[in-house]
Q: 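Have a look at this one before I ask anything.
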Amino acid sequence: MNEWDNGVLVSVRSLSKDYVQRRPFTRAKFTIRALDSVNLTIRRGTTLALVGESGAGKSTLVRCLALIERPTAGEILWNDVNLLALKKKDLFAMRRQIQVIFQDPTSAMNPGMTAGEIIEEPLAIQGIGTGSERRQRVLQLMEQVGVPAKWANKLPMEFSGGQRQRLAIARALALEPKLLILDEALSNLDLVNQEMVLGLLRELQAAHALTYVHVVHDLRMVEDLADEVAVMYEGRIVEQRDARELFARAEHPYTLELLAAAPALESIVAARLVRDCR
Amino acid sequence: MKRRYKLWATFAVLAGFHAAILFAGFLAPYSFSAQDRDAPYAPPSRIHFFDSHGTFHARPFVYGMKDDPENYGTYRVDFQQIYPLRFFVTGAPYKIAGLLASRTHCFGTAPGHVFLMGTDGYGRDQFSRLLYGGQISLAAGWIAAAFSILFGAIIGGLAGFYGGWLDDILMRGGELFLALPWLYFLFAVRAALPLQVAQWQVFLLLVVVIGLIGWARPARLIRGIVMSAKERNFVTAARAFGASDAYLLRRHVLPQAYGVMLTQMTLLVPQYILAEVTLTFLGLGVGEPMPSWGSLLASLQQYYVLASYWWMFLPTVLLIPVFLTYYAAADALQERVKSVAL
Amino acid sequence: MGSLLQVRNLTIRYQVDGAEPHHAVNDVSFDLVSGEVVGLMGESGCGKSSTALALLGLFAKQRAEVAGSIVLCGQELLGMKEAELQKIRGSKISLVFQEPGIALSPMMRAGDQVAEVIHAHRQWSWKRCRAEAETILARVGLGSAARVFSAYPHQLSGGQQQRVVLAQALCCEPSLLVADEPTASLDARSQAGFLALLRGIRSEFGISILLISHSPELQASVADRLLVMKNGRIIEEGSFEGLYENPLHEYTRMMLRRPYGVKNESRVEADAVLQGNSFDE
Amino acid sequence: MRYLARRSAHAVLLLLAISVFSFALLQWAPGSFFDSMRLDPRISSQTVSGMRAEYGIDRPFVVRYARWLSSMLKGEMGFSFAYGTSVGPLLCVRARNTLLLTSSATLLAWLLAIPIGIWGAASKGTWGDRACGMTMSALLTIPDLLLALILLLLAVRTGWFPVGGMVSAGVGGVDFWSRVADVARHLILPALGLALATLPILVRHIRSAMIDALESPFIGAARGHGIPRARLLFRYALPAASNPLISLFGFSIATMLSASVIIEVVLSWPGLGPLMVQAILARDVYVVIGVVMLSSVFLVAGNLVSDVLLFMSDPRIRVE
Amino acid sequence: RAAQRKEDLMVTKNAPGRFGGSITVAVRSDPKTLNPVLAVDEATREIIDCMNADLIHINRETQQTEPALAKSWSVSRDGRTYTLRLRSGVRFSDGQPFTADDVVFSFELYLDEKIHSSQRDLLIIGGKPISVEKIDDYTVRFQLAQPYAAAERIFDGLAILPRHLLENAYKNGTFAQSWSVSTPAGEFAGLGPFRLKEYVPGQHIALERNPYYWKADLQGCRLPYIDELVFLFVPSEDAQVIRFQAGDTDLLSRFSAQNFAVLQRGQAAKGYKLEDLGPGLEYNFLFFNLDNLADKNLPEIARKQVWFRDVRFRQAVSAAIDREGIVRLVYNGRATPLWSQVTPGNRMWVDASLAHPPQSLDRARELLKNAGFSWNSAGNLMDSHNQSVEFSILTSSSNAERTKMATLIQADLAQLGMNVHVVSLDFGAMVDRLLNSFDYEAAMMGLASGDADPTAEMNVWLSSGGTHLWDLTESKPATPWETQMDQLMNQQLVTMNYVQRKHLYDQVQEIVAQDLPVICLASPHILIGAKDRIGNFHPAILAPYALWNVDELYVQ
Ligand SMILES: Nc1ncnc2c1ncn2[C@@H]1O[C@H](COP(=O)(O)OP(=O)(O)OP(=O)(O)O)[C@@H](O)[C@H]1O
Ligand SMILES: Nc1ncnc2c1ncn2[C@@H]1O[C@H](COP(=O)(O)OP(=O)(O)OP(=O)(O)O)[C@@H](O)[C@H]1O
Ligand SMILES: [Mg+2]
Ligand SMILES: [Mg+2]
């Protein structure tokens, strides 16, 4: 049976990525295997949470998925099409379908461009709408992510960390992609703003059957936002499960460890109260 | 607020300089080629309000000059002759901004002479020549520098952005360009041109050729920056939106080289203006009697001028603020277009 | 314990090109006692990072106007000479920058950047500084320290970068650590490790911490006291449990309570698993 | 290593191309060495054409090029009409002198320019910076020749420096170290002149690149860690600003042999400069080509050095 | 055998000086070779002349010939045979004796076609090389194909070379490479007052006293007085002037009048003296392109040649030129205006009766009007076809003075309504136009023959001459006055009587002044500086101006 009928949007097959680094003086090479035959399926209209230790290769996987880094080996299938073998023109169209929010949003923004220009950029590149339409859309997007539209003329470095992150989200949403990859896109946001952005994402998902790959390190958020969870460890996916299932039936020792490391707020507060009483 | 003010202020000063040069005919009391054979190497005329008896004159005046009988080729002030300075006087014909014929000069004296910056060896007014000289020099400097930077940006940008064999070819080509004995090329170009072509046109052409040849240096500078700039995350990010290479170069990569381009520009303009000093040395200069800043400076390079006629330095001294304003403008511009080098 | 830091009427105005200045911080006053951990929470963009930067005197005049008073160990920091500030920064008060990606020099190896900080404050040989840097990197949880040590920032993952920045802030054992979202890009396990580390140095050296974080869990685990900021002002102050149980402002409640997750039953089981795993080691 | 090998192969090709093009250019420029001889009333035109034939001036381009190439391979580098000898030995001594001058001048220029440029960037907008900018634009306004003359006058008026030349007459016999000292004393003035001539360009680039670099957020972060100012400037900002400077440095190596012509002529430094000016004006073509080839070697080397430095200094640039 | 002969010293008439010391002189460039047969350029010759001697020498002060290595000579009745008696007992600087063999050998070298000596042409008289014959060890005989008025003078500057050192090289065919600048000092020997001591490329060449020199002073002491003569290579004139001012060099020649004025100011304090010797032999002139351009594709110039060929046009130009202005503005007054090619400095040959008409624009207009030119309303000069008169003057950029003159002439001619462009090209490019492409309209040049005698100018004035700049295509004279000039020049060549020759040459000067093949402008004065401490300093207007009596110079 064809897996695409099961609503699979993207299927990643034995994807590997090696980095080369050189030692300071000897200039001797050594290879870092950031991804080690990763297999992953992403179902249409669902949210996949990617969790894992820092340095596990999440961002690398994200970059490969977003087609901005060439993997050393493996393939990425999008509805049967191998994205890595695409021609330039098809790739251009594909880019519109896949959008990514980088872990480090600030360095992904040209420091010389204003916030408005930054958000408008993907629209302009893809040639969507007229100039004034685009600007209209930019202001709308800014409001949607909770950055005052009157700040459209500020430079990125004049925003706070969280605001920049929201600008990045706005920029990624601008193209209304089919697949949106968020690399720790909420890490610098407070709870209120997190909820606001998540709400927006949920809304969009409901309306356009969007697919999200969401790199999170906060397990508490996972079950709230994700349908499925993939756990990465040292460049490999060690578990891919239904989000609810994971908490109940985690198998891999690393997953268990990870779960153990994230206590719920109530328990901490309780612990504090207990400590105070003592 | 403050920054913007600075930019406009420098631009205003520059505009002033350029207007003075554009309207050289009006501001200059004499034609650039008018020789006063009785007054070669005359020192600057001092403008007086009080005469030798201490009486005040409402209208400023200059004294006449006479040959110093003791020292050949030097002058003495002749206190007997008083020439009041007049404004909007009629003198040699000229064209306002190269278009409108006129004979009215901003200032002058009816009999006698007023040489604000002295005269050269032919008895020509240095001040007038300085003003006129800017016309050709600035044009030459700007055009040549613009060519160099333009070609440098295109070639350096492509080489740095694509790397690989393209980089090899372009950069080796640049080296070839740098290594060739261009002087001979200039000789050849000059020699190939018919004699009837006006000298200043020849000169302009040569400077443009220099500018065209001069792309290799900015190209290499820009290439280096582009090589680093294209690896930055926001360039990658724009790639993820499907940005074309041309777009990336234009919007994200080359702007990071603006600082270097501006710096190169502010250095190249004076350098190309002064290239004429060398060109004159080789007989490729603007040619008499056309003045240009390069030829004004070229005349300084003789020991006797250095040792005897201090006022011949005045053009140099006046060029310093012009170049300095260019720098200030470039600085202000750099602040505006700055791209944080991260 | 004596007061370590007194901030009085701190006001920060950003100069914006062509627009009126932006009041990022307004009349903020607070104290910090030696050995204390104070949490600073607030909506994104409310002025937390600005406050942190002001504490270290990191504003250039043409960028921002800073008024008020900041007294550290009896020394007024505002208006202090750059040369004197330089001695205090990193050794007495140090800052974990919010975004490690832009706080690290792209042209230097990670290890060297840590070593530089040590070198700036200790009269040690360069070799010794490097050795020390390596141990610190290991302490902040960079397992393969040797590789990270010789890697350039762009060769590191977000979490690794953040730990390098942490190492920079901790390496000279400052008396006041200002941590701006120190765990934003750390996974849960690393966060736990970081907390352990904070506790460790706190008990070891008695340093105080101004902890800026959105994570109520983190604040709850370490902060003795909590400041809540809104629109550049401190609107509420108190112990975590106090604010958690009965906040004065709805705003505070929203900052502290996750609107989701609690209702999930499966979570209870997980909690049960966690019960035994306290952070106190 | 592979990279170096590839570049060397390119260099050989490049040098060949340069020689062909130079030949063509020289061909194109009007006049030949023997023309000015024809102006001498005492020499008949038959004699001149005899000499032309003797030196093979009238042979076709290809033949001349082949002859030159073979003499190049023998190390003779062609034949000088004026000197009547092969070019190689003629250039050798002078190239050495020019190198001595330009390398010390380059060193001096960079040693001066780096602190001045950095200081200018660090104290941007102050009066000191402005005065510095003024001096630099003054230096840029002064043509090299004038600068050299002024230095010469300085030497004459003060008597502190020897006036031109490279050694004092008659130091042939004395011991090695006093000869070195003598050369060093003669070197000061021309090296200073040359350094001053390149200084404004370097300072301007350094200052502007440093201003850019100093605005990067990581500088603020480093400041926050209490990194001392000097280290901040030299260890943090300078590498970040180094990119264009490295390219410039490559150029200063590349132009080692040709940068000093005017200074050499005026201060009578026995380098390639006077020889080359004479050769150019007299159309002593093989001498010119010899100089061109020598400087091309430096050009290639300078650019190679700058490329390697660029790769080494900026980790983000990938070596292919 | 020869060494045993008594040494035949030549005694000079100068005041005896002091022995010892050294003199330093600056020259523009390195010597290109140290081989007298191959030397071409001025700097090289100046250095080589100090190390070599000739048979008959022109005294630079009197401009007359005087004995040198030949102590006497006789001329046959038909003027075609010269018999020279050589000085006996003279030795080369390496101690080897000098005999007639060396003379014969030297002339063999000069005359060898394969060696391409630049002096060879001087030795071709009447189309045939002169022949040399050894009579005995101290007598040589020269045979000329035709009588030659200036025959004695051709020996000047022809250095006699040591056969014992150079014969091998000559036989092996390597003569062209011998005695180059890289030859070790020990391999040289000459008959001049000095011999090579050390050559440092690009820096200096040091000569030391030749202990065997064949001149002595009145007291019988062997010359030269100074122990050492050093030539510094200083490529720029200004640097030479400054170094002279600084006391680095003892003698200074070839500098501009402006620098003269600068030097004058410090004269007393600095311990040097300056002399203005008056005009030398150099004459600067403007000339028009009169070449036959039939087979060149230069229609524009050919059109203008109609004006240039009209003598009235040339006369008008000449009349309009402000020669006094040139002298004042270009040369600070240190030059002499000229109307013909012979300068007042050439005392024996100048035509004193030549008219010196001052600048006259009226006369120029008159001449132009007669030639059919007219003026339009804007004051521009128009020719008979109503084309405006516009032409360019070519100058060499390396000669600032000539460019300056051209600029002044440009302004002068502008007053006649002529639109003149000054085009200054580098020397090579200019010469190429003058000699090869003929693509020029008018040009400025200066010529300075090495000798005062008119024979030196043959190539300039004969219509078939190689330096007949204004019309090089011409093989037969095109106009009557050219025919006459050819005749006069050829005649003076064979006339042995000075008065008759002078009369012939005066006529040539008159033709030049009248028909203006070249429009002579001015002759710069020879300016010389020397330290006060130099004794026997008698500068002359013939090159080498200050060093011609270097064997007699001494340091006080
Ligand atoms: N350009 C590079 N060169 C060398 N190594 C790299 C490079 N980029 C990433 N790495 C290494 O690859 C591994 C995976 O990095 P990645 O950024 O994918 O981690 P991550 O899972 O995103 O971690 P985090 O949660 O900390 O962001 C890390 O060990 C990192 O150091
Ligand atoms: N350089 C600047 N110029 C102008 N405005 C600025 C500048 N930096 C920050 N701001 C503004 O000041 C306010 C406070 O910024 P700050 O960085 O202190 O916020 P924050 O509390 O740290 O937020 P976050 O949690 O998102 O990091 C924000 O509204 C921001 O837009
Ligand atoms: Mg990551
Ligand atoms: Mg912040």
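Residue numbers start from 1 in every chain, and the chains themselves are labelled A, B, ... in the order their sequence lines are given, proteins ahead of strands. What's counted below: heavy atoms across the whole structure, side chains too, no hydrogens, waters or symmetry copies.
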Q: Flag the one option from B/M171, B/R220, B/M227 with the top tally of heavy-atom pairs under 4.5 Å to chain D.
A: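 The candidate making the most pairs under 4.5 Å is B/R220.
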Q: Is any side-chain heavy atom of B/L221 closer than 4.5 Å to a side-chain heavy atom of D/H205?
A: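 Yes, at least one pair of side-chain atoms sits under 4.5 Å.
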Q: Please state whether the side chain, the backbone, both or neither of B/L274 comes within less than 4.5 Å of a heavy atom of chain D.
A: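 Answer is side chain: those atoms of B/L274 sit under 4.5 Å from chain D.
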Q: Heavy-atom pairs under 4.5 Å with chain B are the metric here; pick the option from D/D314, D/L14, D/V292 that has the most.
A: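 Of the options given, most contacts go to D/L14.
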Q: What residue in D/A11, D/G250, D/A148, D/A138 has the most heavy-atom pairs under 4.5 Å with chain B?
A: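 The answer is D/A138.
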Q: Whether the side chain of D/S216 engages the backbone of D/I219 through a donor-acceptor N/O pair (distance < 3.5 Å, no angle test) should be reported.
A: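 No, D/S216 side chain to D/I219 backbone: no donor-acceptor pair under 3.5 Å.
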Q: Could you look at D/F21 and say if it's the side chain, the backbone, both or neither that has a heavy atom under 4.5 Å from chain B?
A: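 Both backbone and side chain of D/F21 come within 4.5 Å of chain B.
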Q: For side-chain contact (heavy atoms from CB on, under 4.5 Å), just list the numbers for D/L304 and D/L4, CA-CA rounded to whole Å, side-chain angles, deciding distance to a tenth of an Å, and then say yes or no.
A: CA-CA 8 Å; D/L304 184 59; D/L4 285 184; 4.0 Å; yes
Q: Hey, are D/S19 and D/Y65 close enough side-chain-wise for a donor-acceptor pair under 3.5 Å?
A: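 The answer is yes; a qualifying pair exists.
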Q: Are D/L196 and D/L199 close enough, and set up right, to give a side-chain contact (heavy atoms from CB on, under 4.5 Å), and what steps lead you there?
A: CA-CA 5 Å; D/L196 286 183; D/L199 199 59; 4.1 Å; yes
Q: Which one of B/A216, B/S228, B/P321 has the most heavy-atom pairs closer than 4.5 Å to chain D?
A: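 Option with the greatest count: B/S228.
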Q: Please state whether the side chain, the backbone, both or neither of D/D144 comes within less than 4.5 Å of a heavy atom of chain B.
A: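 Contact with chain B: none, neither part.
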Q: Of the listed residues (D/L147, D/V288, D/V300, D/V266), which shares the most heavy-atom pairs with chain B below a 4.5 Å separation?
A: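 When all of D/L147, D/V288, D/V300, D/V266 are compared, D/V288 has the most.
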Q: Let me confirm one number: the CZ-CG distance from B/R172 to B/L176, rounded to the nearest 0.5 Å.
A: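 With rounding to 0.5 Å, CZ (B/R172) is 11.0 Å from CG (B/L176).
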Q: Is there a side-chain contact between B/I222 and B/L254 in this structure, where contact means two heavy atoms from C-beta onward sitting under 4.5 Å apart?
A: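 Yes. Closest side-chain heavy atoms under 4.5 Å.
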Q: For D/R283, is it the side chain, the backbone, both, or neither that has a heavy atom closer than 4.5 Å to a heavy atom of chain B?
A: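 Both backbone and side chain of D/R283 come within 4.5 Å of chain B.
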Q: What part of B/A298 is in contact with chain D, defined as an atom under 4.5 angstrom from a non-hydrogen atom: side chain, backbone, both or neither?
A: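 B/A298 has no heavy atom closer than 4.5 Å to chain D.
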Q: As a test of understanding, state which of D/R130, D/K124, D/R204 forms a salt bridge (charged side-chain N to carboxylate O under 4.0 Å, His left out) with B/D331.
A: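 With B/D331 as partner, D/R130, D/K124, D/R204 yield a single salt bridge (charged side-chain N to carboxylate O under 4.0 Å, His left out), made by D/R204.
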Q: Are B/W293 and D/T141 close enough that some pair of their side-chain heavy atoms sits under 4.5 Å apart?
A: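 The answer is no, as the side chains (C-beta and beyond) never meet within the 4.5 Å cut-off.
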Q: To the closest 0.5 Å, what do you measure between CH2 (D/W68) and CE (D/M293)?
A: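 Spacing of CH2 (D/W68) from CE (D/M293) equals 4.5 Å.
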Q: Counting only heavy atoms closer than 4.5 Å, note whether B/R223 contacts chain D via side chain, backbone, both or neither.
A: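 The answer is the side chain of B/R223.
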Q: Taking every non-hydrogen pair under 4.5 Å, which of D/V291, D/I142, D/I211, D/I201 racks up the most with chain B?
A: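 Max contact count across the listed options: D/I201.
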Q: Can you say whether D/L153 sits under 4.5 Å from chain B via the side chain, the backbone, both, or neither, judging by heavy atoms?
A: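 When you check distances to chain B, only side chain atoms of D/L153 fall under 4.5 Å.
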Q: Counting heavy-atom pairs under 4.5 Å to chain B, which of D/S306, D/A254, D/P244 comes out on top?
A: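 Heavy-atom pair counts peak at D/P244.
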Q: Do side-chain atoms of B/W215 reach the backbone of B/I149 as a donor and acceptor pair under 3.5 angstrom?
A: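 Looks like no, no N/O pair under 3.5 Å.
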Q: For each of D/L152, D/D307, D/I150, tally heavy-atom pairs with chain B at distances under 4.5 Å, and name the one with the top tally.
A: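 Highest number of pairs under 4.5 Å: D/D307.
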Q: Would you compute the distance between atom CG of D/L15 and atom OG of D/S296 and round it to the nearest 0.5 angstrom?
A: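 Here the interatomic distance stands at 6.0 Å.
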Q: Can you tell me which portion of D/S22 sits under 4.5 Å from chain B's heavy atoms? Options are side chain, backbone, both or neither.
A: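 Its backbone and side chain both get close to chain B.
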Q: Side chain, backbone, both or neither: which part of D/L248 has a heavy atom under 4.5 Å from chain B?
A: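 Looking at D/L248, backbone and side chain both touch chain B.
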Q: Do D/F33 and D/V285 touch side chain to side chain, with heavy atoms closer than 4.5 Å?
A: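 No; the side chains remain at least 4.5 Å from each other.
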Q: What part of B/Q264 is in contact with chain D, defined as an atom under 4.5 angstrom from a non-hydrogen atom: side chain, backbone, both or neither?
A: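 Contact with chain D involves both backbone and side-chain atoms of B/Q264.
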Q: What option among B/V305, B/L297, B/L306 has the most heavy-atom pairs under 4.5 Å with chain D?
A: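 Maximum pair count with chain D is reached by B/L306.
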Q: For the side chain of D/S268 and the backbone of D/E264, is there at least one donor-acceptor N/O pair under 3.5 Å apart?
A: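 No; zero donor-acceptor contacts below 3.5 Å.
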Q: What part of D/N303 lies closer than 4.5 angstrom to a heavy atom of chain B: side chain, backbone, both or neither?
A: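 Its backbone and side chain both get close to chain B.
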Q: Heavy-atom distance under 4.5 Å to chain B: side chain of D/L310, backbone, both or neither?
A: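 Contact with chain B involves the side chain of D/L310 alone.
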Q: Could you tell me which portion of D/P200 (side chain, backbone, both or neither) has an atom closer than 4.5 angstrom to a non-hydrogen atom of chain B?
A: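 Looking at D/P200, just its backbone touches chain B.
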Q: Tell me which of these, B/T263, B/V317, B/L178, has more heavy-atom pairs under 4.5 Å with chain D than the rest.
A: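 The option with the most such pairs is B/T263.
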Q: Checking heavy atoms, do the side chain of B/Y326, its backbone, both or neither come under 4.5 Å from chain D?
A: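 Neither part, no heavy atoms under 4.5 Å.
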